[in-house]
Asks: 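Take a look at this one; I'll ask things after.
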2 protein chains.
Amino acid sequence: MARKRSKAGAIRLTEVAKLAGVSPITASRFFRNPEALSVSKRERVESAAKELGYVPNLAARALASQRTEVIGVLIPSLTNNVFNDVLRGIYDASEGSRYSIQFVNTRYSILQEEKLLRLFQAQKPSGLIVTGINQTEASIDIMKAMNCPIVQIMEIGPEPVDMMVGFSHYDAAFAAVSHLISQGRRRIGIIGARMDPRVQRRLEGYRDAMKQAGLADPALILTTPTPTGMTLGGTLLADLLAQVPDLDAVFCINDDLALGALFECQRRQIPVPEKLAIVGFNDMEFMASAFPSLSSVRTNRYEMGRDAVTMLIDAIEGRRPEKPVVDLGFELMVRGSSARPRA
Amino acid sequence: MARKRSKAGAIRLTEVAKLAGVSPITASRFFRNPEALSVSKRERVESAAKELGYVPNLAARALASQRTEVIGVLIPSLTNNVFNDVLRGIYDASEGSRYSIQFVNTRYSILQEEKLLRLFQAQKPSGLIVTGINQTEASIDIMKAMNCPIVQIMEIGPEPVDMMVGFSHYDAAFAAVSHLISQGRRRIGIIGARMDPRVQRRLEGYRDAMKQAGLADPALILTTPTPTGMTLGGTLLADLLAQVPDLDAVFCINDDLALGALFECQRRQIPVPEKLAIVGFNDMEFMASAFPSLSSVRTNRYEMGRDAVTMLIDAIEGRRPEKPVVDLGFELMVRGSSARPRA
DNA sequence: GCCGCTCGTGGTAGCGCTGTCAATCGGTGC
DNA sequence: GCACCGATTGACAGCGCTACCACGAGCGGC
């Protein structure tokens, strides 16, 4: 009874090594660090592996080496298009590297996040990307105990668990509202949905900009915890208009709401930007192509994902960045929907 | 030298077993099938595990058991919102089950898909979800060799590798175009982008519907391999109008193009639906909230993901479905943008 | 009272790979 | 010519868990 539980067709490293006429460990090295082998052995292992159709057993590798070449990504939502771009950046940056991405969905719940973090802990990833800076105490403990580089993305704050790539949602919202004020708008409302921590900070930016301009009025603020969407944008604007008939601008905490608001204006024949200015947040592709084109705050989502992975891989491989916190900034995209109304 | 390479704080099953006063294998069973233990042992293992903060080592489990509790998902795009809903269905259905989802991005390349399939092979997933029915020969060989249930999603065809959940893109497009014809439209164009296999089949549906009505004209067809987007929808419509000035309807092979086309009409002051009818494909949320509201073909994307996972888990656990191919159908959502023009 | 059954439990022996360290080899400096 | 050095290579011993099989206890049927 040579091998008790062996699977029929499974080709192992030993088989490859035997065919190549080298020791298993040499064959192993070929797959991890080919340069360490002499050219002749390298070629022999390579052709042997190809001939046998060898596929390495990742579980065995992970067990023996006490680590995996996985980068874990925790994001709050799949439905939110914002994360599409981030994920694209993550995938692009990881492509060609030895690391593969495993991403999980926290559904905007920090408890779910904690649970998933624990799950990752069992997997010993090489690195981790987590969204935002509002984790539970327990989550932070787990992250610190995990002994792998970690990048927090989407926003920046004073106390990174390890590294950070993001921007200030507060500043971005402040800039958007300041722009509306500078265009002569006075009754500037804000509509918001889902109100996650980053959205809250945008709301704060709005509040402070309005306060500083002496324009603050609680009636101008309309938010709901329900998930966002274009339809909701229309509904919220309708409600806000009922509350504030002399509204002359609306800052939408995301672009979906802004587009919904635009359609609502079209439905009500409210001219944009003449009677009502609209500014969104994120600058999704459709903002520029809408009619009128919609102003928004461009956030560097693709770059955020890309840079997070780059920093992570660098850190995993021992090249720690000199600056652990990277501010990617934002850019106010002024378009037709927020032009100065005719005098 | 008891343990040569042991990590300092790593708590293993053996430790838990010792504290609980049972054998390691009994502790192991507790985590996999608690019902098999007597109540007293179960409680003792449970409290011991909690006390030590035991986290199972997934790699070791996978190595010993020759399988992982992972469902692999291959999808072609992250940027395409269509897959958001599918993924949401997948996540929802997997939640609460023992399986975790690992998804990878083929970027609409069947070669990339083949490569990723090979990667999954090394991981021995419990099940696999792949997009579409156009795999390479090699991919199909790999899938057949993988010895796990597989569900192909997004469309259905005559030869499932294993199981399928989807609908007929041909029929759906045919229905959409027939609707426009029934509304009295004659010069019905089609604009398309990225032209993946499923989009190609929609184009076929359009072609046949037009041919059967005696309305076919190659000038009415405008497609491009470039990625889709709202901006592109405007551009394509502009180009099509230049080519076919008497265009009275346009079938857009996805909703992004449809929305871009609507904005282009607004920009050019072409009344929709009076002068031009618009129908999209997929029925994203924004279609109903646009002004005018946009007609589309509703596809059951969420259900597709959900059902795929359900079928997969059932099959993994030995409950093979009676019907391996599930047609989720579609529904034509007729809205303002394709209403009959006034006589 | 004995048989055979099921249920719960434990011992043994790996799963396929890599970390560690020692051995080997060809070339180098003096 | 010899000690020495870096570059390659290999032997050994696990990594933490579970499959397999064995075993004993409890129990109903005859």
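Throughout, protein chains are lettered first and strands after them, A, B, ... in sequence-line order, and every chain is numbered starting at 1.
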Asks: Between B:Arg107 and A:Asp92, does at least one N-O distance fall below 4.0 Å, as a salt bridge requires?
Replies: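 Salt bridge: yes.
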
Asks: If you take all heavy atoms of A:Met163 and A:Pro149, which pair is closest and at what distance?
Replies: CE-CB, 3.9 Å

Asks: What is the distance from CZ of B:Arg32 to P of D:dC17, rounded to the nearest Å?
Replies: 11 Å

Asks: Do A:Ser109 and A:Thr106 have side-chain N/O donor and acceptor atoms under 3.5 Å apart?
Replies: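 Side chains of A:Ser109 and A:Thr106: no pair found under 3.5 Å.
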
Asks: Rounded to the Å, how far apart are A:Gln123 CD and D:dG16 P?
Replies: 16 Å

Asks: So does B:Val161 get a backbone contact from the side chain of B:Gln152, meaning a donor-acceptor N/O pair under 3.5 Å?
Replies: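 Side chain of B:Gln152 to backbone of B:Val161: a pair is present.
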
Asks: Quick one: A:Lys18 NZ to D:dG10 P, roughly how many Å, whole number?
Replies: 14 Å

Asks: With a 3.5 Å distance limit and no angle check, can you tell me whether B:Ser28 reaches the backbone of B:Pro24 through a side-chain donor-acceptor pair?
Replies: no

Asks: Would you compute the distance between atom CG of B:Leu87 and atom CD1 of B:Ile75 and round it to the nearest 0.5 angstrom?
Replies: 4.5 Å

Asks: Before accepting this row, confirm whether a basic side-chain N of the pair A:Glu114/A:Arg118 lies closer than 4.0 Å to the acidic partner's carboxylate O.
Replies: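 Salt bridge present between A:Glu114 and A:Arg118.
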
Asks: Provide, to the nearest angstrom, the distance between the CG atom belonging to B:Leu63 and the P atom belonging to D:dG16.
Replies: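 My rounded result for the distance is 12 Å.
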
Asks: Send over the distance from B:Gln66 CD to C:dG16 C1', rounded to a whole Å.
Replies: 9 Å

Asks: What contact category does A:Arg42 fall into here, base, sugar-phosphate, or nothing, at under 4.0 angstrom with non-hydrogen atoms?
Replies: nothing

Asks: Could you state the atom-to-atom distance from NZ of A:Lys124 to C1' of D:dC17 in whole Å?
Replies: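 In whole Å, D:dC17 C1' lies 12 Å from A:Lys124 NZ.
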
Asks: Let me know the distance between CG of B:Leu13 and P of C:dG10, rounded to the nearest Å.
Replies: 12 Å

Asks: Please tabulate the protein-to-nucleotide N/O contacts below 3.5 Å involving nucleotides 22-25 of chain C, giving atom names and distances.
Replies:
none

Asks: Rounded to whole Å, please give me the gap between CG in A:Asn33 and P in C:dG19.
Replies: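 Distance, rounded to whole Å: 11 Å.
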
Asks: Could you check whether any side-chain heavy atom of B:Asp162 comes within less than 4.5 Å of a side-chain heavy atom of B:Pro160, counting everything from C-beta outward?
Replies: no

Asks: Measuring from B:Arg44:CZ to B:Lys41:NZ, what's the distance to the nearest 0.5 Å?
Replies: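 Spacing of CZ (B:Arg44) from NZ (B:Lys41) equals 5.5 Å.
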
Asks: Is there any protein nitrogen or oxygen under 3.5 Å from a nitrogen or oxygen in nucleotides 6-9 of chain D, and what are the pairs?
Replies:
residue : atom : partner : partner atom : Å
D:dT9   : OP1  : A:Ser38 : OG           : 2.6
D:dT9   : OP2  : A:Ser38 : N            : 3.0

Asks: Strictly by modelled atom types, are A:Asn84 and A:Tyr302 linked by a side-chain donor-acceptor pair under 3.5 Å?
Replies: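 Side chains of A:Asn84 and A:Tyr302: no pair found under 3.5 Å.
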
Asks: Check each residue of residues 45-61 of chain A for a non-hydrogen atom within less than 4.0 Å of any atom in DNA chain C, then write out the ones that pass by number, or none.
Replies: A:Tyr54, A:Pro56, A:Asn57, A:Ala60, A:Arg61

Asks: Is a side-chain donor-acceptor pair under 3.5 Å present for A:Ser23 with A:Thr26?
Replies: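 Yes, a side-chain donor-acceptor pair sits under 3.5 Å.
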
